[in-house]
Student: 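Sharing a structure, written as structure tokens. Questions coming.
Being a predicted model, the structure only gives us computed values, none of them experimental.
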Amino acid sequence: MALDGIRMPDGCYADGTWELKMHVTDLHRDVSLRVTGEIHIGGVMLKLVEKLDVKKDWSDHALWWEKKKTWLLKTHWTLDKYGIQADARLLFTPQHKLLRLQLPNMKHMKVKVNFSDRVFKAVSDICKTFNIRHPEELSLLRKPRDPKKKKKKLEEAEEDSLELEGPLLTPGSGSIYSSPGLYSKTMTPTYDSRDGSPLSPTSAWFGDSPLSEGNPGILAVSQSIASPDILVKLYKPQSLLDKAKINQGWLDSSRSLMEQDVKENDVLLLRFKYHSFFDLNPKYDAIRVNQLYEQAKWAILLEEIECTEEEMMMFAALQYHINKLSGMSSDNHMNNSEKEVDEVDAALSDLEITLEGGKTSSTLGDITSIPELADYVKVFKPKKLTLKGYKQYWCTFKDITISCYKSKEEALGTPAHQMNLRGCEVTPDVNISGQKFNIKLLIPVADGMNEIWLRCDTEKQYAHWMAACRLASKGKTMADSSYNLEVQNILSFLKMQHMNPDPQFIEPITTDINPECLVSPRYLKKYKNKQPGYVRDLISARILEAHQNVAQMSLIEAKMRFIQAWQSLPEFGITHFLAKFQGGKKEELIGITYNRLIRMDAHTGDAIKTWRFSNMKQWNVNWEIKMVTVEFADEPSLSFICAEVDCKVVHEFIGGYIFLSTRAKDQNESLDEEMFYKLTSGWV
């Protein structure tokens, strides 16, 4: 009797072989192969395909080990090296699977994505397909669950979805640009006459698909919200804790979709994760600019970020203007498209500066001395159990220090107060109609933060002092090339909020304005006891009033202004996580931005202490107890335990922002993917 057919108690056969169980997902079929531990993965797949004897292109298929949640992609490795034994069950399945992506504009697309690639690579391929540069700024987020709604009701919000299928939505199958998402000095833009989007590349990608129905740049076109019911259905975070829970859903960029339990046809959100938008150029970034605008628009409408009523009306006016221009026929734009792009290029050449005051063209010329500010400013230092009482001082702003004197004549002597603003938190407190121009400063001291308020008399004074404070908080002086641009941006932001222009230029109220879709539900609630028609007319009138400040803007400029105004909001770019700090008794929030960490009160959102990345030496993670420890050059280290979230998510945000800070226009046109993983994955 042949020994090779005798099965031993351990499941192996007498000749040393054993049965490997596999499931072929395409055929819904279970298959067993007789193998030894010395056979390599490539050999297993070859034997399997031969046994199936089905004529089919199997080149996209790979083996997935369910129990260990890992792809067996190293085809030269043996079963022994992977540790696979007779009790294992493997799936033979396609690597590319359909995913339902919700874009920042809240529309859904079906996209074929490589489920075996790391998420960072998968997102890069998706962005290449959609012609979005700098994919390192985006990532995938799980859909937040509204605890007040049942699952069926949650799905109702997806009714207004854009379902698109076809070979065009298979990332990685060829591309127009070899280096997606990177700056290129050789890119020659070809504009769509309607919105300035790149015409030829998009046509080549989208072909005869639904995306190309008369306008290949559909992803660059903003669509107005059809009904206020959509706003009601969508989940709105009610508190900072709710916002922190949403951020638990970010996927791990260094692991694949399958490893993170993402299934075929699951819904994931494609979002700008890192709020540091590099080289935002209207010439090449029509789709990127529009999707950024859409993410900003929905963040404001769903109350994910706070803004004042005046700011809300300004955002509503910009939305109304953008909707109006987007709805116009392309004929109206045909003759003006090239001129419009040239004007936008000139007007916005320096608007691309992000909050960090990125590199811009030098408009100040040669500077031989550092500019200074000197003026009467009202100063207030709040203390417990006292009412706010501002006291006027003669204040000088030199380098990054404000000195306060009792009078102008005493300015040569010793100041009554002196404040070094390096590392401070700067928050605006402005009301245009009430002529209130306040600056709130939280200045780091050994045991926390000192709160100081400055009150300016005019918009011009406020703009100069606010710009100087923002730069000083980063350790920069008014000699920095971005100072004048920052002043102009602040003045522009204030100007857009002005009301009561000449009434003869205000448009009559029409039915197409739909104010319920332009402002957040919170502002509608203020008038809940009024008649709906009265409320509609009142808000419409305010929006049309504010619209006069932006009515002359081109479409792309209006979107850029909207993004810039979003960036100017105090809460912009802060990603919240629930954490327990070492030595603390209660759970608080850790806020992460592009340049600092902020310890925050979980209920009020007030900053308790700030730490700048520029002062950081290193950070470590204790994966067992979920503790993140950050060490600084000249202050005590910071330690906190992540609550309700994998500390890998927090670790990736810190490392991700450090990675983004290394980008430069003149660098080699390729992303250092391995450097990203070293800074963010923790175990590479």
Side-chain angles (χ1 to χ4, degrees), residues 64 69 71 93-132 134-146 149 151-152 154-166 168-172 180-181 211 219 233-235 237 242-275 287-288 291-292 294-295 298-299 302 304 575 645-646 648-649 652-653 656 676 680-681:
W64 166 257
K69 286 188 180 178
W71 285 97
T93 187
Q95 295 171 74
H96 284 85
K97 300 177 187 292
L98 279 176
L99 195 63
R100 291 191 67 215
L101 274 188
Q102 188 196 69
L103 302 185
N105 64 358
M106 307 301 273
K107 300 296 182 185
H108 290 74
M109 284 192 173
K110 281 187 178 178
V111 185
K112 260 197 173 175
V113 179
N114 192 332
F115 273 52
S116 68
D117 272 343
R118 291 173 170 182
V119 165
F120 185 83
K121 174 68 167 58
V123 170
S124 293
D125 286 344
I126 291 166
C127 289
K128 185 188 293 186
T129 305
F130 293 155
N131 196 18
I132 296 175
H134 299 292
E136 66 275 12
E137 296 168 359
L138 296 92
S139 194
L140 299 173
L141 178 70
R142 296 185 195 275
K143 198 162 189 177
R145 296 286 181 189
D146 188 345
K149 291 185 179 179
K151 190 174 180 183
K152 280 187 180 179
L154 190 72
E155 297 303 320
E156 286 176 6
E158 294 177 23
E159 289 173 358
D160 184 38
S161 64
L162 178 66
E163 301 291 358
L164 300 168
E165 300 179 61
L168 68 126
L169 296 174
T170 306
L211 274 175
L219 296 179
K233 289 175 184 175
L234 291 170
Y235 173 60
D242 287 344
K243 293 176 187 177
K245 284 176 182 174
I246 291 174
N247 291 319
Q248 294 173 19
W250 287 107
L251 294 190
D252 185 337
S253 295
S254 56
R255 294 164 64 213
S256 71
L257 293 168
M258 286 275 276
E259 289 174 84
Q260 299 179 72
D261 296 319
V262 177
K263 305 287 190 295
E264 186 163 16
N265 282 314
D266 275 2
V267 176
L268 289 177
L269 281 50
L270 179 69
R271 294 290 185 269
F272 289 88
K273 174 179 179 178
Y274 299 103
H275 292 74
I287 292 172
R288 183 175 170 219
Q291 295 301 322
L292 251 179
E294 290 284 349
Q295 184 162 325
W298 285 103
L302 297 178
E304 292 171 8
T575 306
V645 64
D646 189 339
K648 170 65 175 67
V649 178
E652 188 174 302
F653 262 95
F676 177 84
T680 61
S681 64

Student: Under a 4.5 Å cut-off applied to non-hydrogen side-chain atoms, are V111 and T129 in contact?
Tutor: no
Student: For E259, what residues pass the salt bridge (charged side-chain N to carboxylate O under 4.0 Å, His left out) criterion, not counting sequence neighbours?
Tutor: none
Student: What residues form a salt bridge (charged side-chain N to carboxylate O under 4.0 Å, His left out) with K243, not counting sequence neighbours?
Tutor: E571
Student: For Q95, which residues count as a side-chain contact (heavy atoms from CB on, under 4.5 Å) partner, sequence neighbours excluded?
Tutor: D60, A62, W71, L73, N114, S116
Student: Can you tell me how far apart CZ (F130) and CD1 (I287) are? Round to the nearest 0.5 Å.
Tutor: 9.0 Å
Student: Would you call L141 and I246 a side-chain contact if the rule is heavy atoms closer than 4.5 Å?
Tutor: yes
Student: What's the spacing between D266 CG and L101 CG if we round to 0.5 Å?
Tutor: 11.0 Å
Student: For the pair W298 and M106, evaluate side-chain contact (heavy atoms from CB on, under 4.5 Å) and give the outcome as yes or no after the intermediate values.
Tutor: CA-CA 8 Å; W298 285 103; M106 307 301 273; 3.2 Å; yes
Student: What is the distance from atom CZ of F115 to atom OG1 of T93, rounded to the nearest 0.5 Å?
Tutor: 9.5 Å
Student: Taking the side chain as everything from C-beta on, heavy atoms only, tell me whether E304 gets closer than 4.5 Å to P237.
Tutor: yes
Student: Excluding sequence neighbours, so at least two apart, what forms side chain to side chain donor-acceptor pair (under 3.5 Å) with W250?
Tutor: N247
Student: Identify whether NZ of Lys or CZ of Arg in K273 sits under 6.0 Å from the centre of the six-membered ring of F653 and within 45° of that ring's axis.
Tutor: yes
Student: In a check of side-chain contact (heavy atoms from CB on, under 4.5 Å) between F120 and each of S254, S253, S139, P135, which one passes?
Tutor: S253
Student: How long is the gap from CZ on R100 to CG on N265, to the nearest 0.5 Å?
Tutor: 8.0 Å
Student: Is any side-chain N of the basic residue among R288 and E137 closer than 4.0 Å to the acidic one's carboxylate O?
Tutor: yes
Student: How long is the gap from CD1 on I126 to CG on L138, to the nearest 0.5 Å?
Tutor: 9.5 Å
Student: Would D261 and K69 pass as an ion pair if we require N to O under 4.0 Å?
Tutor: yes
Student: Within the structure provided, determine whether W64 and M258 are in side-chain contact (heavy-atom separation under 4.5 Å).
Tutor: yes
Student: Looking at E652 and D252, what are the two nearest heavy atoms and their distance?
Tutor: OE1-OD1, 3.6 Å
Student: Using the rule given for side-chain hydrogen bond (donor to acceptor under 3.5 Å, both in side chains), can you reason through R271 versus Q102, listing the C-alpha separation, both sets of side-chain angles and the distance that settles it, and then say yes or no?
Tutor: CA-CA 9 Å; R271 294 290 185 269; Q102 188 196 69; 2.4 Å; yes
Student: Taking the side chain as C-beta and beyond, is there a heavy-atom pair between V262 and L140 under 4.5 Å?
Tutor: no
Student: So which atom in L219 and which in M109 form the shortest heavy-atom distance, rounded to 0.1 Å?
Tutor: CD2-CE, 3.2 Å
Student: Sequence neighbours left out, what passes salt bridge (charged side-chain N to carboxylate O under 4.0 Å, His left out) with K97? Give chain and number order.
Tutor: none
Student: Are side-chain heavy atoms of L257 and V113 found at a separation under 4.5 Å?
Tutor: yes
Student: Are any non-hydrogen side-chain atoms of L269 and R142 less than 4.5 angstrom apart?
Tutor: no
Student: Measure from the side-chain N and O atoms of Q295 to the backbone N and O of N105, and report whether any donor-acceptor pair falls under 3.5 Å.
Tutor: no
Student: Please enumerate all residues that pass side-chain contact (heavy atoms from CB on, under 4.5 Å) together with D646, with sequence neighbours excluded.
Tutor: K648, V649
Student: Rounded to the nearest 0.5 Å, how far apart are OG of S256 and NZ of K121?
Tutor: 13.0 Å
Student: Does K112 come within less than 4.0 Å of E264, counting only side-chain N to carboxylate O?
Tutor: no
Student: What's the verdict on side-chain contact (heavy atoms from CB on, under 4.5 Å) for L99 and L268, showing C-alpha distance, side-chain angles and the deciding distance?
Tutor: CA-CA 7 Å; L99 195 63; L268 289 177; 3.9 Å; yes
